[in-house]
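Worksheet: one structure, shown below.
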Amino acid sequence: MAFQQGLSGLNVSSKALDVTSNNIANASTVGFKAGSAHFSDVYASSLAGGGASQAGIGVALSAVAQQFTQGNITTTNNPLDISINGNGFFRMDEGGSISYTRNGQFHLDKNGYIVNDQAMRLTGYPADATGLIVPSTPTMLQLSSSDLSPVATGGSIGGSFAGVLANLNLDSRQAPPTTPWADGPVQTIGTNDQWNPSPATYNYSTALSVYDSLGNAHTLTLYFVKNATPGGWDVHANVDGTTNANLYAAGAPLGTLTFNTSGQLDTTVPGNGVMNVSIDLNGVMDDLSKPNSAATPLAFDLDFTGSTQFGSSFGTNRLEQDGYTSGRLTGLSVGSDGVIQGRYSNGQTRNQGQVVLANFTNPNGLQSVGDNQWVETSVSGPPLVGSPNTSSLGVLQSASIEESNVDLTGELVTMITLQRNYQANAQSIKTQDQIMQTLVNLR
C-alpha cells in the first residue's frame, strides 16, 4: 500500500518546510547560517536480500545541514562589533561552558568583560602590563579602564630607542658667535633662578618636552654653538628655563658634536653623537617649597645619530623622545589579527588582549543550541584554536557585523517546491484511497 510512502512524504515535506521557514525567520539574524534539509529513501529489509523489483517504503529526513557560507559584511558604529571574513568561530565562555558563534555583536559589561547579548564572555589571549600578548590557553577577555601609567624619558617599554632622538642639520657656513657663551641666571623667581641665554651666544636652538617618572612634562631646550674647531659644535641645554647647572657643570657644554669633511658625524671620535643627560629635578621646580617627588635625577641618552653638517639651512628632521604622561582610556579598536588596542588621552596605545578563533574539521557536526551558538560534538572533531589570519582562520573586521547568509529569493522558491511536494504526496494518498474504495466495491 502507498499510504506509508505518502505519509512519509508528507512528514518530510512538513519538516523541510520547517527548515525553510526557520531560515526565512532568521534572515535578519546576525551570524545566522541557513539550514538545508537532506532527504534519503527508505527500503524494507528482506530475509533473502533485496530484489530487483523491490519498492521503497518512503522517504526520511537524513540531516539538516548548516550552510557555513560567508554572509555579507555590514559596518556599524560600535568598535566591539566584530565580523569574521573567512573560516572560524568566536569562542564563548558561559560559566565554564564553551560554545562557538559567528555573531560578533559584543559590548562591555560592568566588570569590563567583552560579552554578547546573552552575557556569554568572549575568550582570547590576555595581555600583560606592558601590552605583550603571549598565546596560551584562551581566557575570558577583560579590558582595563585604568589610567595608563606614565613612563619617564629613557624608560621606553619595547621601543626602538631609549631617551631623546635628534636628527638635524647644522649649517656648515655658520661662524662661531661673536659673543662667548655664558652661563648664569638673569633673574630670580621665587626660590629658583630663571636663565635665558642671549641669542647672540648661540647659533641655533630647538626644544622638546621630556617626562619624569610621575608624568610631569619638562621643557628641554638645546642650544648649538659653533666652536673654533672645524666641524665642531658645542651643545648646551637647560630645563624649564632654569640654570643649566641642573644638567652639567656651569660653563661646560653638555657635549660636542664633531663632523668630518663629508658632513657626517665623525665615527673616529669615541662616543660622538651620543650624550648622557642627567637632570636634577629638585633644581628645576619653580617653587622649591613644593618639591617634585619624581625619581631624580632624570637620566637618559641624547642621541644625534644621523645628524649632518651640510652647507644648507638649519633644519630638524626628527626630534622625539620615548616618555609620556599618564593617560585615560578614550577608545578601543580591534585589528584584523584580533588584537584589541586601547587608545589613551596621552596619544599612546596599549594592547589589551587578542580575540581567538576556533575552527573544526567538520563544522556540520556541530550541534546548534540556539542563541546563534554551536557546541562541539564527537562528529565535529576538536576545536582548532588560534589567532585570526593564521592557518585556515579568517580575518576580523572591527565596527562591522556578518549578516545572515539566507537567500530570501531562493528560500521562497524552495517553499513553493516543498508545497508542491506536499500536495503530490497528499494526492498519492488520495489515489491509494480511491484504489481501496474500488476494491471494497467489488461484488
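The first residue of the sequence shown is numbered 1, and numbering continues consecutively from there.
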TODO: Evaluate the side-chain proximity of Met275 to Val235: yes if any heavy-atom separation is below 4.5 Å, no if none is.
DONE: yes
Open item on the list: With heavy-atom distances below 4.5 Å as the criterion, would you say the side chains of Tyr422 and Asn11 are in contact?
Closed with: no
Task: Gly6 to Ile429 - nearest heavy-atom pair and separation - done: C-CD1, 3.7 Å
- [ ] Could you tell me if the ring centre of Phe106 sits under 6.0 Å from that of Phe90?
- [x] yes
Task: Ring centroid separation Tyr204 to Phe224 under 6.0 Å - done: no
- [ ] Quick one: closest heavy-atom pair of Lys33 and Thr69, and the distance?
- [x] NZ-O, 2.7 Å
Open item on the list: With a 6.0 Å cut-off on the ring centroids, do Phe304 and Trp233 count as close?
Closed with: no
Open item on the list: Quick check: do Asp171 and Ser312 have side-chain heavy atoms less than 4.5 Å from each other?
Closed with: no
TODO: Taking Asp322 for its side chain and Gly154 for its backbone only, find out whether a donor-acceptor pair lies under 3.5 Å.
DONE: yes
Task: Any side-chain heavy-atom pair of Val355 and Leu141 under 4.5 Å - done: yes
TODO: Check whether the side chains of Thr308 and Asn169 place a donor and an acceptor atom closer than 3.5 Å, and report yes or no.
DONE: yes
- [ ] Compare all side-chain heavy atoms of Leu148 with those of Asn346 and state whether any distance is below 4.5 angstrom.
- [x] yes
- [ ] Using a 4.5 Å cut-off on heavy atoms from C-beta on, say whether the side chain of Arg343 contacts that of Leu329.
- [x] no
Open item on the list: Tell me whether Asp212 contacts the main-chain N or O of Leu214 through its side chain, where contact means a donor paired with an acceptor under 3.5 Å.
Closed with: yes
Open item on the list: Between Glu402 and Gly71 (side chain of the first, backbone of the second, donor and acceptor by atom type, cut-off under 3.5 Å), is there such a pair?
Closed with: yes
Open item on the list: Whether Glu403 and Arg102 form a salt bridge (side-chain N of Lys/Arg under 4.0 Å from carboxylate O of Asp/Glu) is what I want to check.
Closed with: no
Open item on the list: Assess the residue pair Tyr100 and Phe360 against the criterion (ring pair (Phe, Tyr, Trp, His ring centres under 6.0 Å)); give the C-alpha distance rounded to whole Å, side-chain angles, the decisive distance to 0.1 Å, and a yes or no.
Closed with: CA-CA 11 Å; Tyr100 304 90; Phe360 296 86; 4.9 Å; yes
- [ ] Flag the pair Arg328 and Asp147 as a salt bridge only when some basic side-chain nitrogen lies within less than 4.0 angstrom of an acidic carboxylate oxygen.
- [x] yes
TODO: For residues Leu319 and Leu208, report the shortest heavy-atom separation together with the two atoms involved.
DONE: CD2-CB, 4.0 Å
Open item on the list: So, taking the atom named CD in Gln5 and the one named CG in Asp41, what distance separates them when rounded to the nearest 0.5 Å?
Closed with: 11.5 Å
Task: Minimum heavy-atom distance between Gln70 and Gly86, given as atom pair plus value - done: OE1-N, 3.0 Å
Open item on the list: Using modelled atom types and a 3.5 Å cut-off, is there a donor and acceptor pairing between side-chain atoms of Thr390 and backbone atoms of Ser387?
Closed with: yes
Open item on the list: Counting C-beta onward and ignoring hydrogens, is there a side-chain heavy-atom pair between Gln354 and Pro126 closer than 4.5 Å?
Closed with: no
